[in-house]
Amino acid sequence: MVLAGATFAGEIPRAERRSGYDFMSRETRAMQDDDTVNPGMLAVLEGGTLWARKTGAAGRACADCHGDASAGMKGVAARYPAFDAALKRPVNLEQRINLCRVDRQRAPPLAYESRELLALTAYVGRQSRGLPIDVVVDARTQPFLENGRAAFYRRQGQLNLACSQCHDDNWGRRLAGNAIPQAHPTGYPVYRLEWQSLGSLQRRLRNCLVGIRAEGYEYGAPELVELELFLMWRARGMTMETPGVRP
Amino acid sequence: MRFAAVLVAACCGLGAASGDPANAQDSIPTSLTGAKGDPVRGRAIITSRQVGLCLLCHSGPFPEERFQGNLAPDLAGAGKRWSEGQLRLRIVDSSRINPATIMPAYHRTDGLLRVAPAWRDKPVLNAEQIEDVVAFLTTLKD
C-alpha cells in the first residue's frame with residue numbers, strides 16, 4: 001500500500017482506492033464504528049430533532065414535506081453536490097438544506113459550520129451510510145466537474161503544491177507524522193480529532209489551502225463546490241460513512 | 001536580498017532562460033548573500049515546522065524530532081551526495097532540475113498562483129536563511 005501511491009502519477013486505479021478510514025489507527029476506527037462513542041452521532045441525533053421541528057414563517061418542518069428521513073433521504077447525500085436548476089449550478093448538501101429553509105420554510109439560512117447546519121447535514125448524510133457515492137455527471141454538471149478537476153491538479157500557494165501531488169502521487173506516505181490519505185470525501189461531515197468538533201468538507205479543504213499557503217475561498221464559494229463535486233466523482237462507488245471520524 | 005539572488009542567478013545563467021533545459025545548470029556556486037551561512041541557525045530552520053518545513057516531507061538525523069516525513073529523500077548524507085552549490089540550487093528552486101518536483105522553490109516568488117496575502121511576494125526562506133540551511137546540510141556527510 002505504501003509503495004503503490006508512489007510509483008505512478010495520475011488517477012488512482014479503482015482497485016487501489018482507500019477511504020481515509022483505512023489509514024486510521026485501530027482506536028480511531030473503533031470510535032467511528034461504535035455509534036455509542038462516535039461523537040458525530042450526537043449531531044445526527046440533534047439533526048433528527050431539527051428535522052421534525054416546525055420553523056420559519058411557513059411554520060413547516062423538513063419532515064412535513066420529506067416525511068421519514070430514513071426512507072426519503074436514503075441515498076440523497078451520496079448524490080451531492082447536485083445540479084440546481086434555478087441557480088444553474090451545482091449546490092452542496094449544506095446549500096440544498098439552506099435553499100429549502102429559505103424557499104420552503106421561509107426561515108433565514110443557517111450559517112456555514114453552525115451547529116444546526118452541521119447537525120442537519122449529518123442527519124441527512126447518515127441516511128446514506130453504507131451506500132455508494134453516486135454523483136450525477138451529465139451535460140449540466142460536466143463543466144463544473146471539469147473546473148473542480150482542474151483545481152485538483154493546479155499547483156498553487158507559496159508552497160506551489162497541487163492536491164494531486166499529495167493525494168494521487170504520495171498517498172500512504174507520511175507528511176510529518178501523518179499518513180497522507182487519498183482525499184475521498186466518504187464521511188462528511190466528519191468529527192475530526194484535530195478540530196475537536198464536527199466540520200464540513202469545505203472546512204477541510206480550507207485547512208489544506210492554508211497548509212500550502214494559498215488564498216482561501218469563502219464558505220459556499222463556487223470553486224469549493226466544484227472541487228467537492230470532483231472529489232465525490234473521484235470517489236464514485238465508494239461507501240458513505242457519515243458521520244465519519246478522522247484524526 | 002532578492003536583488004542579490006537575482007544577480008547571482010543571472011551570473012550563473014539561471015535568469016530568464018532558467019526554464020529552458022538546455023540552459024539548466026546543476027549548481028548555484030556562490031553564496032546568495034556573499035557570506036557563509038551559520039550551520040547552527042540552519043539546523044534550527046530545518047527542524048522548525050513553521051519556518052523550514054523540511055521535516056514535513058524529509059527525514060533526517062534529528063533524533064529529538066518526532067514525526068518526520070518520508071515523501072522525499074532522507075537528508076542524512078546530503079552533504080556527501082551534493083556539493084554546496086548543488087544544495088543551494090536544489091533549495092532555491094528545485095524545479096530548475098525537475099519541473100515536476102513536489103519540492104517547493106524556497107527562494108522564488110514568480111510563477112506562483114493564488115499565494116495567500118500574508119505570503120505574497122515573499123520567498124519561503126530569505127537569502128540569509130538559505131545560506132544557513134546550505135551551511136548545515138554540507139555538514140551532513142554520513
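- The shortest non-hydrogen separation linking A/Arg155 to B/Pro99 is NH1-O, 3.7 Å.
- For CG of B/Asp142, the number of neighbouring non-hydrogen atoms (other residues, nucleotides, ligands) closer than 6.0 Å is 12 at most.
- Within a 6.0 Å radius of CD in B/Glu65, other residues, nucleotides and ligands contribute more than 12 heavy atoms.
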Handout entry: Worked verdict on A/Arg213 versus B/Val124 for side-chain contact (heavy atoms from CB on, under 4.5 Å)
Key = CA-CA 10 Å; A/Arg213 301 181 173 179; B/Val124 182; 4.1 Å; yes
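- Nearest heavy atoms, B/Pro117 versus A/Glu215: CD-CG, 4.1 Å.
- Only the side chain of A/Leu161 comes within less than 4.5 Å of a heavy atom in chain B; its backbone stays farther off.
- The closest donor-acceptor contact from the side chain of B/Asn70 to the backbone of A/Arg174 lies under 3.5 Å.
- Ranking B/Arg108, B/Met103, B/His58, B/Arg114 against chain A, the residue ahead of the rest is B/Arg114, based on heavy-atom pairs under 4.5 Å.
- Taking a 6.0 Å sphere around NZ of B/Lys141, one finds it holds more than 12 heavy atoms contributed by other residues, nucleotides or ligands.
- In this structure, no portion of B/Arg66 lies under 4.5 Å from any heavy atom of chain A.
- Of the atoms belonging to A/Ile180, it is side-chain heavy atoms, and not backbone ones, that fall under 4.5 Å from chain B.
- Looking at B/Ala118, there are no atoms closer than 4.5 Å to chain A (heavy atoms on both sides), in backbone or side chain.
- Per-residue counts of heavy-atom pairs under 4.5 Å with chain B were compared for A/Ala214, A/Ala162, A/Ala176; the largest is that of A/Ala176.
- Ranked by heavy-atom pairs shorter than 4.5 Å toward chain B, the options A/Ile212, A/Leu159, A/Asn178 are led by A/Leu159.
- Summarising the geometry, atom CG belonging to A/Leu175 is positioned 12.5 Å from atom CZ belonging to B/Phe67; distances are rounded to the nearest 0.5 Å.
- Proximity to chain A (any heavy atom under 4.5 Å) is shown, for B/Ile102, by both the backbone and the side chain.
- At least one donor-acceptor pair closer than 3.5 Å links the side chain of A/Gln158 to the backbone N or O of B/Lys122.
- More than 12 heavy-atom neighbours from other residues, nucleotides or ligands sit within 6.0 angstrom of CZ on A/Arg89.
- Heavy atoms from other residues, nucleotides or ligands lying under 6.0 Å from CZ of A/Arg14 number more than 12.
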Exercise for the section: Go through the steps to decide whether B/Leu71 and A/Asp169 satisfy the test side-chain contact (heavy atoms from CB on, under 4.5 Å), and finish with yes or no. Expected result: CA-CA 10 Å; B/Leu71 22 155; A/Asp169 302 345; over 6 Å; no
